[in-house]
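Chain naming here is simple, since letters A, B, ... match the order of the sequence lines and numbering starts at 1 in each. As the structure is a prediction and not an experimental result, all values here were calculated from the model.
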2 protein chains.
Amino acid sequence: MDIGDLVVFKAIAKEQSVTKAAHSLNYVQSNVTMRLKRLEKELGTPLFHRNARGMTLTSSGKTLVGYADRLLSLMTEAKQAMQGDEPRGPLTIGAIETAAAVRLPAYLTSFMRRFPAVDLTFLSGTTESLIQDVLHHRVDGAFVTGPVDHPEIDTFLFCEEELVLISDQEHSPLESFQDIHARTLVTLQAGCMFRRRVEQWLAAEGIYPKKHVEFSTLEGLIGCVKSGLGVALFARAYIEHAARGEGVHYYEIPDAFSHVSTLFICRKDEHRSKALVEWIAAIEQKKEC
Amino acid sequence: MDIGDLVVFKAIAKEQSVTKAAHSLNYVQSNVTMRLKRLEKELGTPLFHRNARGMTLTSSGKTLVGYADRLLSLMTEAKQAMQGDEPRGPLTIGAIETAAAVRLPAYLTSFMRRFPAVDLTFLSGTTESLIQDVLHHRVDGAFVTGPVDHPEIDTFLFCEEELVLISDQEHSPLESFQDIHARTLVTLQAGCMFRRRVEQWLAAEGIYPKKHVEFSTLEGLIGCVKSGLGVALFARAYIEHAARGEGVHYYEIPDAFSHVSTLFICRKDEHRSKALVEWIAAIEQKKEC
DNA sequence: CTCCTTCCATCAATAATAATGATGAAATAT
DNA sequence: ATATTTCATCATTATTATTGATGGAAGGAG
């Protein structure tokens, strides 16, 4: 069943005449007749009564008018959904745990409020896995730890984090970083930039923690630090946010290792959906403030 | 936006590959590529990411999948609505007042229960106007007073009515039909078979009523007879039905004028909708009982 | 690293389909 | 009766869809 035939059919039904329908469609009469015949043949039922003065719908024809209307309006809706200026449709964003936790929620809420037709999905991963996700189109973009330098990827600075060393308040405060020798180091799983940074720093300082425990979630990690399991490197903003800092000591570490940038990345070359364009625009606008 | 293109698009989305989609559709690969390109051009947005190993949906593509599903299933539904064995769609039936009043309601109720997908519409008229309505497709069929003899029309006996003369009970009962000379004759509007029959009969008897009042509805007519306005010719079944006979005398008239058949008529040659075929079948079945 | 395979895009040629314009037949209105 | 209006049919032309062959780009295997 061809859509064009349905348009022709509707015109005939409206004009109650093949000739008039042909005029209104800027077709020749015989063409309209042929298309109607094809439609009737395909459906196996006459759609019009042929009167001497024109055409009137049969029972089947009346039924088809309803379906034709629905089909054509659904098709129009589909086109508008694809072409409309308003962003809509799915937008899948990846984020490392740390970014997802503190800075994103507020941003995300305002975006969803502004573009309610966008169907936002989030998933988390490590910087490395997210870069692969972006390259393979598994996500439209992702928040990762900088720097990222890849010929296929565009980067946008989202925020800068300062890493601090955290420990619990039950143990006596650390006198110097050398005290870490006697403590357990708690990190997220391999691949997390926080973990790589802490390893770089400790290697530079010549410090080797007594033990190493690996966690997969941020909340789990911070809970363990609080309960005295060990020390960890963490984003200051996150610690200071929402009273998560209670029961925790924190210590600044050297600048060279403390500064971590969170970037939003997406593929460079590709066509970007309206939703993604707006998402990036919102990030750049936020940076200005 | 061509439906065929949407089918091709869905195949590509399902197979995540132009080549595989071409195979599954029994097309050549280049053809599938072309159709996809056309669709993307028409919608002004890429629908797939081109990876080296195949195709993955873009954001717009994901949106379109939803619409394509809806469109295709609506189209299938439309076809089934047109071709399905179950009667459905509009069925417009005309009836003279007398038939519509007594005999039809029960029949109609059972039909609607049996074929809920049929959208039944009723309208009333005179035998003459209804014959024209049938010929001009304004109704699919009609109940009229027989006999009907027209080369384009098929007839089916619906029921036989016996006409009786009715008068009120306030006046003294009629001693003979000659008493009608002194009474008012109440009829339906011109064109009603009851009226024609009463005129034929009275002419044959040489009776000329004092006055003549014309009504347009049955209930109005019978109400007026009851209140003593005059006499009328009426179907016995209707008078005896649902206590309408209270307050009314009735008198049999000669056989030659008393028997009236109610026929169902419809166009002879035309394609008949499933609903109409069932409607006629039900009438013929009823006759057997 | 190179070859091999797999995938999609492009293009020219052909097959299929749609649109046209002319003609005919049937039914009304003049 | 005649002119007019209607839709159907048909041959012709224009357009579009499909094919088959070729090329380039990206992984995977050796």
Side-chain angles (χ1 to χ4, degrees), chain A residues 1-42 46-58 61 131-132 134-138 150-153 267-271, chain B residues 1-9 11-42 46-58 61 132 135-138 150-152 267-271:
Chain A
M1 188 172 3
D2 183 55
I3 288 294
D5 288 349
L6 287 184
V7 173
V8 169
F9 164 75
K10 274 205 58 181
I12 303 173
K14 185 184 171 194
E15 307 281 355
Q16 306 225 329
S17 153
V18 168
T19 309
K20 293 205 189 82
H23 266 99
S24 79
L25 294 165
N26 284 312
Y27 282 142
V28 105
Q29 174 261 69
S30 60
N31 191 25
V32 172
T33 298
M34 296 282 254
R35 296 186 79 144
L36 174 59
K37 271 193 61 179
R38 182 175 62 188
L39 197 56
E40 288 181 324
K41 188 180 169 192
E42 182 186 353
L47 298 169
F48 289 94
H49 297 292
R50 271 72 171 173
N51 310 315
R53 325 273 316 126
M55 320 278 277
T56 55
L57 286 165
T58 61
I131 288 174
Q132 291 306 311
V134 166
L135 288 173
H136 291 86
H137 309 290
R138 286 186 290 263
H150 189 288
E152 300 276 303
I153 286 183
R267 285 193 66 112
K268 189 172 269 171
D269 44 16
E270 301 268 329
H271 167 94
Chain B
M1 188 170 6
D2 182 55
I3 288 294
D5 287 350
L6 287 184
V7 173
V8 169
F9 164 75
I12 303 173
K14 185 185 171 194
E15 306 281 355
Q16 306 226 328
S17 154
V18 168
T19 308
K20 292 206 188 82
H23 267 97
S24 79
L25 295 166
N26 285 312
Y27 283 141
V28 107
Q29 174 261 94
S30 60
N31 191 23
V32 173
T33 298
M34 295 283 254
R35 295 186 80 145
L36 174 60
K37 272 193 60 181
R38 182 175 59 187
L39 197 55
E40 289 182 322
K41 186 179 169 193
E42 181 184 354
L47 297 168
F48 290 94
H49 298 292
R50 272 71 170 172
N51 309 315
R53 323 276 314 131
M55 319 278 277
T56 55
L57 286 165
T58 61
Q132 290 306 311
L135 288 173
H136 290 85
H137 309 290
R138 287 186 289 263
H150 189 287
E152 301 275 304
R267 284 192 67 111
K268 189 171 268 173
D269 44 13
E270 301 266 330
H271 168 94

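- In this structure, A/F9 atom CZ and D/dC7 atom P are separated by 15 Å, rounded to whole Å.
- In terms of position on DNA chain C, the residue among A/D2 and B/H136 whose nearest nucleotide sits closer to the 5' end is A/D2.
- Residues B/L36 and A/S30 both approach DNA chain C. Their nearest nucleotides, taken by heavy-atom distance, put B/L36 toward the 5′ side.
- A salt bridge is defined here as a Lys NZ or Arg NE, NH1 or NH2 lying under 4.0 Å from an Asp or Glu carboxylate O, and B/R267 with B/E152 meets this definition.
- Taking the six-membered ring for Trp and thresholds of 30 and 60 degrees, A/F48 and A/F9 have ring planes inclined between 30 and 60 degrees apart.
- Inter-residue side-chain proximity for B/V8 and B/N31 is flagged as unmet; no heavy-atom pair is nearer than 4.5 Å.
- For B/Q29, the side-chain atoms get nearest to C/dT10 when compared with the rest of D/dC7, C/dT10, D/dG20.
- Within the 4.0 Å cut-off from OP1 or OP2 of C/dA18, at least one side-chain nitrogen or oxygen of A/R38 is found.
- Proximity note for B/M55 (side chain, C-beta onward) versus D/dT19, C/dC8, D/dG27: the nearest is C/dC8.
- Checking C/dA19, C/dC8, D/dT18 against the side-chain heavy atoms of B/T19 singles out C/dC8 as nearest.
- Minimum atom distance to the side chain of B/K37 is reached by C/dT10, of the listed C/dA29, C/dA27, C/dT10.
- In this structure, of D/dC7, D/dA26, D/dA17, it is D/dA17 that holds the atom nearest to the side chain of B/R35.
- Closest to the side chain of A/V28, out of D/dT6, C/dG21, D/dC7, is C/dG21.
- Regarding contacts with the backbone of C/dA9, a side-chain N or O of B/T33 is found under 4.0 angstrom from either OP1 or OP2.
- Between B/R50 and C/dA9 there is a side-chain polar atom (N or O) within less than 4.0 angstrom of OP1 or OP2.
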